[in-house]
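Inspection log for the structure reproduced underneath, given as structure tokens.
Remember, it's 1-based here, ligands and their atoms both numbered in the order they're listed. Residues take their numbers from the sequence shown, with the count starting at 1.
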Amino acid sequence: MADPKKLFIKTYGCQMNVYDSERMAEAMAPEGYETTEVMEDADLVLLNTCHIREKAGEKLYSDLGRMRSLKVARPEMKIGVAGCIAQAEGAEVMRRMPIVDLVVGPQAYHRLPELARGAGRKVDTDFPTEAKFDLLPERQGRRGPTAFLTVQEGCDKFCAFCVVPYTRGAEMSRPVEGVLAEARGLVERGVREISLLGQNVNAYHGQSDGADVGLAQLIGALAKIDGLERIRYMTSHPNDMEDALIAAHGDQPKLMPYLHLPVQSGSDRILKAMNRKHTAESYLRLIERFRAARPDILVSSDFIVGFPGETDADFEATLALIREVGYGAAYSFKYSPRPGTPAAEKPELPAEVTDARLHALQALITQQQRAAQDAMVGRQTTVLYEKPGRMPGQMVGKSEHLMAVHVAHEGASVGDLVQVRITAASTNSLAAVPLG
Ligand code: 5AD
Ligand code: SF4
């Protein structure tokens, strides 16, 4: 048999890209490709890119720049660009970077083997009519205890700052049977926790025998899989939230008490300019309803600071919203104008204003995150062990609230789901002892 060919994938950006990279590796396995951690050894290098902020694009071009000498040394090495930059500006990537052999958009990954096989430079960024997920090979290999599973792709919301509706296309939900079959396959391979992914995951409405199934019902069906112990989902949009999903946090024990619900800003004026179609007040009421269903739910969010036109008063409204919610975690970003989006036409704020606001917002979030971590001390929770810790006999995993936990647990294994008591907290991790 011929030696296996080597595939190196670098993933930029979000969890959906992490999932896509796994699926691309699996699509290339029947072609004789094994993954490698060493780019220099690879026969095919795939860069799975992100277009959400300008920095992500700069990284791609600087990485490609550095790869020039590699391509000179090994001209037979193929270099492919996948992901959202491929979709948004594939032709431009080809023009600027002659070392790139192929460009493949997120909706065309099932055609990657064919693209890689052929000679010459190629671009495939079509939005196909066939179902990509049905055409990708089944999940393979032994796996760790946690996995991502994309159930929904695309976005119809057109927030004024965001490229996702252009790079990932319109909202689409995978059929229920395909999701369940993939989940069963993952559980057979050792997975005990699945995070359902989608740009607007709570807009999920899949078909099952002609019937419409929402995200809460899908979670209910997944919860029936023996051996699947934990279910999470992200990212949600406030306007797609359904009563059944809120209720599921009260009655579905396998659904973890964590809600990632981006608000972006606490100012109604800015929310309007962002085309978010919700208000600070409607968001706060939504959080209240989640807390009524599951009082200890940990809430996280995304924030953008320095959106065009944001005044000190607007920013203060964001801080006020943060104080009112009390977040357990959050991601915050400086506004980055993206080509083709409506907000990119508007004048930007001075960089020092945006910098100062980001700094202030992050200080407040860190304070809240620390308070949430401290509040865990003395409490019991379960931890799913993901890897051995640095200390002998130590295991590291995630709590129900997605906090990293270090547990002194001689003889335990990766994949164990263990009841623990939290003994100490820092901003980013907890220490615990096993019970019983
Ligand atoms: N600039 C800064 N942040 C952005 N996001 C999306 N588009 C932009 C942009 N142009 C952030 C939003 C979104 C997260 C995934 O990325 O907060 O929720
Ligand atoms: Fe982008 Fe808004 Fe869609 Fe989220 S909801 S992907 S921020 S357009």
Side-chain angles (χ1 to χ4, degrees), residues 11-19 49-59 83-85 87-89 106 148 150-173 195 197-204 215 233-241 259-267 270-278 282-283 286 299-310 315 318 321-322 325 327 329-349 351 353-355 357-358 361-362 365:
T11 307
Y12 309 72
C14 65
Q15 290 152 334
M16 295 190 67
N17 271 9
V18 174
Y19 174 84
T49 61
C50 172
H51 198 47
I52 199 103
R53 284 168 290 275
E54 198 179 350
K55 260 201 191 143
E58 286 166 2
K59 251 193 237 152
C84 289
I85 297 183
Q87 190 64 45
E89 47 190 60
F148 294 134
T150 293
V151 300
Q152 183 278 333
E153 284 191 293
C155 182
D156 300 338
K157 305 288 186 296
F158 291 93
C159 296
F161 50 79
C162 186
V163 286
V164 167
Y166 312 97
T167 59
R168 293 273 175 164
E171 282 176 13
M172 89 62 155
S173 297
S195 296
L197 301 182
Q199 263 97 24
N200 284 287
V201 72
N202 62 331
Y204 178 87
L215 185 63
Y233 60 94
M234 62 172 43
T235 294
S236 297
H237 191 288
N239 295 1
D240 290 322
M241 208 48 94
L259 173 69
H260 182 61
L261 191 64
V263 66
Q264 314 298 355
S265 166
S267 153
I270 294 299
L271 287 170
K272 192 152 196 274
M274 286 176 164
N275 193 32
R276 288 288 295 179
K277 301 198 174 87
H278 61 79
S282 67
Y283 177 88
L286 208 46
V299 183
S300 92
S301 180
D302 294 343
F303 295 94
I304 294 179
V305 299
F307 187 78
E310 185 186 73
F315 179 62
T318 300
L321 177 135
I322 294 172
V325 172
Y327 286 100
Y331 303 88
S332 46
F333 312 101
K334 291 189 238 180
Y335 167 70
S336 166
R338 306 310 290 131
T341 60
E345 313 283 309
K346 301 194 185 154
E348 282 180 65
L349 297 193
V353 172
T354 305
D355 287 347
R357 287 180 188 167
L358 185 70
L361 187 147
Q362 288 183 339
I365 292 289

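Protein heavy atoms come within 4.0 Å of atom 3 (Fe) of ligand 2.
Within ligand 2, the atoms closer than 4.0 Å to a non-hydrogen atom of His237 are 5 (S), numbered from 1 in the order shown. The Phe161 neighbourhood of ligand 2 comprises atoms 7 (S), with distances under 4.0 Å to a heavy atom of that residue. Here is the list of ligand 2 atoms found below 4.0 Å of a heavy atom in Pro165: 8 (S).
In this structure the side chain of Pro337 reaches within 4.5 angstrom of the side chain of Glu348, judged on heavy atoms. Residues Tyr233 and Leu259 meet the side-chain proximity criterion, which asks for heavy atoms closer than 4.5 Å. Inter-residue side-chain proximity for Arg357 and Leu349 is flagged as met; some heavy-atom pair is nearer than 4.5 Å. Counting only heavy atoms from C-beta outward, the side chains of Ser236 and Met241 approach each other to under 4.5 Å. Two residues are said to be in side-chain contact when any heavy atoms from C-beta on lie closer than 4.5 Å; His237 and Arg276 meet this criterion. Within the 4.5 Å cutoff, the side chain of Thr318 has heavy atoms near those of the Leu361 side chain.
Within the set Cys162, Pro238, Ser236, the minimum heavy-atom distance to atom 1 (Fe) of ligand 2 is found for Cys162. The residue among His51, Met274, Gln264, Gln199 with a heavy atom at the shortest distance from atom 12 (C) of ligand 1 is Gln264.
Among all protein heavy atoms, the one lying closest to atom 10 (N) of ligand 1 is Ser336 O, 2.7 Å. Scanning all protein heavy atoms for the shortest distance to atom 5 (N) of ligand 1 gives Arg53 NH1, 3.4 Å. Counting only heavy atoms of the protein, atom 14 (C) of ligand 1 lies nearest to Asp302 OD2, 3.4 Å.
With values rounded to the nearest 0.5 angstrom, Gln199 atom CD is found 10.5 Å from Met172 atom CE.
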Leu286 vs Leu261, side-chain contact (heavy atoms from CB on, under 4.5 Å): CA-CA, chis, key distance, verdict: CA-CA 10 Å; Leu286 208 46; Leu261 191 64; 4.1 Å; yes
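Proximity of Ile52 to ligand 1, defined as any heavy-atom pair under 4.0 Å, is shared by backbone and side chain alike. With a 4.0 Å heavy-atom cut-off, ligand 2 is reached by the backbone of Cys159 and by its side chain too. Heavy atoms of Phe333 found under 4.0 angstrom from ligand 1 belong exclusively to the side chain. Heavy atoms of Lys334 found under 4.0 angstrom from ligand 1 belong exclusively to the backbone.
Here Tyr327 and Phe303 bring their ring centres to under 6.0 angstrom of each other.
Some N or O of Phe161 is nearer than 3.5 Å to an N or O of ligand 1, by distance alone.
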